[in-house]
Amino acid sequence: MNVLVIGGGGREHAIAWKLAQSRKTTRVFVAPGNGGTALSPDLHNLDITDVRALREWALANKIGLTVVGPEAPLAAGVVDEFRAHGLRIFGPTKAAAQLESSKAFSKAFMRRHGIPTADYDTFTDPAKAHAFVERLGAPIVIKADGLAAGKGVVVAMTLKEAHDAVDFMLVDNKYGVTHNEGVARVVIEEFLAGEEASFIVLCDGKNVAALATSQDHKRLQDGDEGPNTGGMGAYSPAPVVTADVHARAMREIILPTVRGMEKDGIPYTGFLYAGLMIDAHGHAKTLEFNCRMGDPETQPILMRLKSDLLDVLGAAIDGKLDQIELQWDRRTALGVVMAAHGYPEAPRKGDAIQGLPQDQDDAMVFHAGTVLEDGVVRTSGGRVLCVTALGDNVRQAQQRAYDVARGIHFDGAQYRRDIGHRAIKNP
């Protein structure tokens, strides 16, 4: 079977790598792919990003399965377009993808269906937003309503930070995000204390299959300092997601979401990512929904997956997830993101990358912001690589990943030295 993966980041490299391992796979195409997928003999880059052009190409090349990695094509309706022409594709429709593409839609949905989340309100008027901030006080969370490439959230610890964020998102609209009314909008919500975890499942419209738990590191610097990023590393499993927390999350958040979407006439198919905040008593609230796998969580999760991903996704498309039991490597997987100089504000592009190792059974380097030019792999984005390794425990996986990372060089490379520290502190 010919398979297409839409996207060009580390998540898509990992998905394509895993799909290529299936005996049923003939060729795996990645659109548009990156330098790492270009280097792989098992993967083929496709320089197409337009939704209609991708659909036409998929029909012409007899693509048997398409998997959508990033949020932008989902919000643009790629699943609707492919399905309308009889193509098998895994992901949510444009309407269902509003769970991620509109934070206001998502919060209203959770309130309507009794799904635990932070109290909130939405604003398009800066004066009213500023007044709400003054009334609620700090710490407080300001979110741009729309897709902002993982950067549209400010956790303001002071009132000044909160007011600056409102001006940044509403008055100046620096993210360029508009939604529904065609104007910038923000969601302002109460600050939740606790430990964050990523809870990702597969959905077929009715049935749900939970993936391995994971936890990422959003801050740029060691000790969870510095600005928020798209994610500087992750590991799986996440000790904070105990059996009790897992059961609660399924019962109180995931299943009510899938049933609520079905009740609202918007059946949810695809990956569903619930960002959880887990308090000291093991109670979880939903920080946000994403309509795809997380990045960099995907890389360690798929390093641990022993099941045939092609079979799993086929079952999901056919509405048969209840017949699937996922198999996992018992070892821990940990991924370290190597980012470009200037990330996250102004990442530099074009730096040559040296020391990239061969793929190994216990260590993989998944590419994200890279491009292959005249035989040289160069940086082309903020998060450049995710060095991912397996180990019998968190410390061993951590040591293996950092051993590999230290052998890779490009000017201005930056990465955290403490990925996995929470799991080591609280095993």
Side-chain angles (χ1 to χ4, degrees), residues 10-11 14 99-100 103 106 110 115-118 141 143 150 153 155 189-203 208-219 223-224 228-258 271-305 326 328-337 386 388 393-394 397-398 416 418-427:
R11 166 184 49 229
L99 275 179
E100 175 172 8
K103 291 179 175 65
S106 175
M110 285 188 273
I115 296 163
T117 188
V141 182
K143 297 180 177 181
V153 178
V155 180
E189 60 185 39
E190 68 170 328
F191 173 82
L192 297 178
E195 192 164 346
E196 195 172 340
S198 307
F199 201 97
I200 308 173
V201 302
L202 297 149
C203 304
V208 172
L211 297 179
T213 61
S214 59
Q215 193 167 28
D216 77 341
H217 298 62
K218 289 293 186 190
R219 297 284 186 172
D224 298 318
N228 262 329
T229 72
M232 292 302 293
Y235 54 91
S236 174
V240 69
V241 184
T242 62
D244 183 58
V245 170
H246 193 285
R248 281 176 182 249
M250 288 291 286
R251 183 175 66 248
E252 298 175 5
I253 296 171
I254 299 298
L255 293 177
T257 298
V258 175
F271 296 109
L272 179 64
Y273 170 129
L276 305 182
M277 183 63 79
I278 303 165
D279 69 17
H281 304 291
H283 297 136
K285 287 189 176 182
T286 315
L287 292 171
E288 64 177 355
F289 284 119
N290 291 331
C291 293
R292 30 79 191 189
M293 291 188 76
D295 188 343
E297 296 96 328
T298 300
Q299 293 88 314
I301 287 173
L302 291 186
M303 281 284 285
R304 294 185 60 218
L305 181 65
L326 298 175
W328 299 99
D329 193 314
R330 292 183 177 274
R331 290 176 291 177
T332 295
L334 184 143
V336 176
V337 169
C386 183
T388 313
N393 52 49
V394 178
Q398 184 188 59
R416 286 180 56 160
D418 66 345
I419 300 300
H421 70 90
R422 286 191 290 268
I424 291 170
K425 188 187 305 181
N426 302 301

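When reading the values below, keep in mind they use all heavy atoms of this one structure, side chains included, and skip hydrogens, waters and symmetry mates. Because the structure is a prediction, the values reported are computed rather than measured.
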*When you look at L287 and L192, which way does the side chain to side chain contact (heavy atoms under 4.5 Å, CB included) test go after all the steps?*
CA-CA 8 Å; L287 292 171; L192 297 178; 4.0 Å; yes
*Could you please spell out the steps behind the side chain to side chain contact (heavy atoms under 4.5 Å, CB included) verdict for L334 and V394?*
CA-CA 7 Å; L334 184 143; V394 178; 4.2 Å; yes
*asked:* Does R331 form a side chain to side chain contact (heavy atoms under 4.5 Å, CB included) with M303? I'd like the steps, not just the answer.
replied: CA-CA 10 Å; R331 290 176 291 177; M303 281 284 285; over 6 Å; no
*Evaluate side chain to side chain contact (heavy atoms under 4.5 Å, CB included) for F199 paired with I254, printing each intermediate quantity in order.*
CA-CA 9 Å; F199 201 97; I254 299 298; 3.8 Å; yes
*Does the pair H217 and R416 meet the rule for a side chain to side chain donor-acceptor pair (under 3.5 Å), with working shown?*
CA-CA 9 Å; H217 298 62; R416 286 180 56 160; 4.7 Å; no
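When all heavy atoms of P296 and V337 are compared, the closest pair comes out as CB-CG2, 3.9 Å. Across all non-hydrogen atoms, the minimal contact from L99 to S106 is O-CB, 3.3 Å. Looking at every heavy atom in both residues, A197 comes nearest to I278 through CB-CD1, 4.0 Å. Of all heavy-atom pairs between R304 and A333, the closest is CG-CB, 3.7 Å. For the residue pair C203 and V258, the shortest heavy atom distance occurs at SG-CG2, 3.8 Å. Here the closest non-hydrogen pair linking M250 and A210 is SD-CB, 4.4 Å.
Counted within 6.0 Å of CZ on R330, heavy atoms from surrounding residues, nucleotides or ligands total 12 or fewer; the atom is thus considered open.
Side-chain contact between M232 and R219 is absent, with no heavy-atom pair separated by less than 4.5 Å. Contact annotation: the side chain of H421 never approaches that of Q398 to less than 4.5 Å [non-hydrogen atoms, C-beta and beyond]. For the pair F271/V201, no side-chain contact is recorded, criterion being any heavy-atom separation below 4.5 Å from C-beta on. Using a 4.5 Å heavy-atom threshold, the side chains of Y273 and M293 count as separate. Side-chain contact between V245 and V240: absent, with no pair of heavy atoms (C-beta onward) separated by less than 4.5 Å. R11 is not listed as a side-chain neighbour of E297, based on a closest heavy-atom distance of 4.5 Å or more. Residues I424 and Y235 have side chains not in contact (no heavy-atom distance under 4.5 Å, counting atoms from C-beta outward). Side-chain contact check for L272 versus N290: every heavy-atom pair is 4.5 Å or farther apart.
Residues satisfying the ring-ring contact (aromatic ring centres under 6.0 Å, His included) criterion with F289, sequence neighbours excluded, are absent altogether. D279 is linked by a salt bridge (Lys or Arg N to Asp or Glu O under 4.0 Å) to nothing, counting only residues two or more places apart in sequence or in another chain.
Between the CG atom in L276 and the CD atom in E195 there is a gap of 11.5 Å [rounded to 0.5 Å].
Ion pairing between a basic and an acidic side chain is recognised when a charged N comes within 4.0 Å of a carboxylate O; K218 and E196 show no such pairing. Ionic pairing of E288 and K103 is not present here: no N-O contact between side-chain nitrogen and carboxylate oxygen is shorter than 4.0 angstrom. Comment: R422 engages D224 in a salt bridge, judged by a side-chain N to carboxylate O separation of less than 4.0 angstrom.
Panel note: side chain T286, backbone P116; a donor-acceptor pair is recorded below 3.5 Å. Between the side chain of E189 and the main chain of A118, no donor-acceptor pair closer than 3.5 Å is present. The backbone N or O of T213 lies less than 3.5 Å from a partner atom in the side chain of S236, making a donor-acceptor pair.
P300 pairs in a side-chain contact (heavy atoms from CB on, under 4.5 Å) with only one of the listed residues (T388, I419, T332), which is T388.
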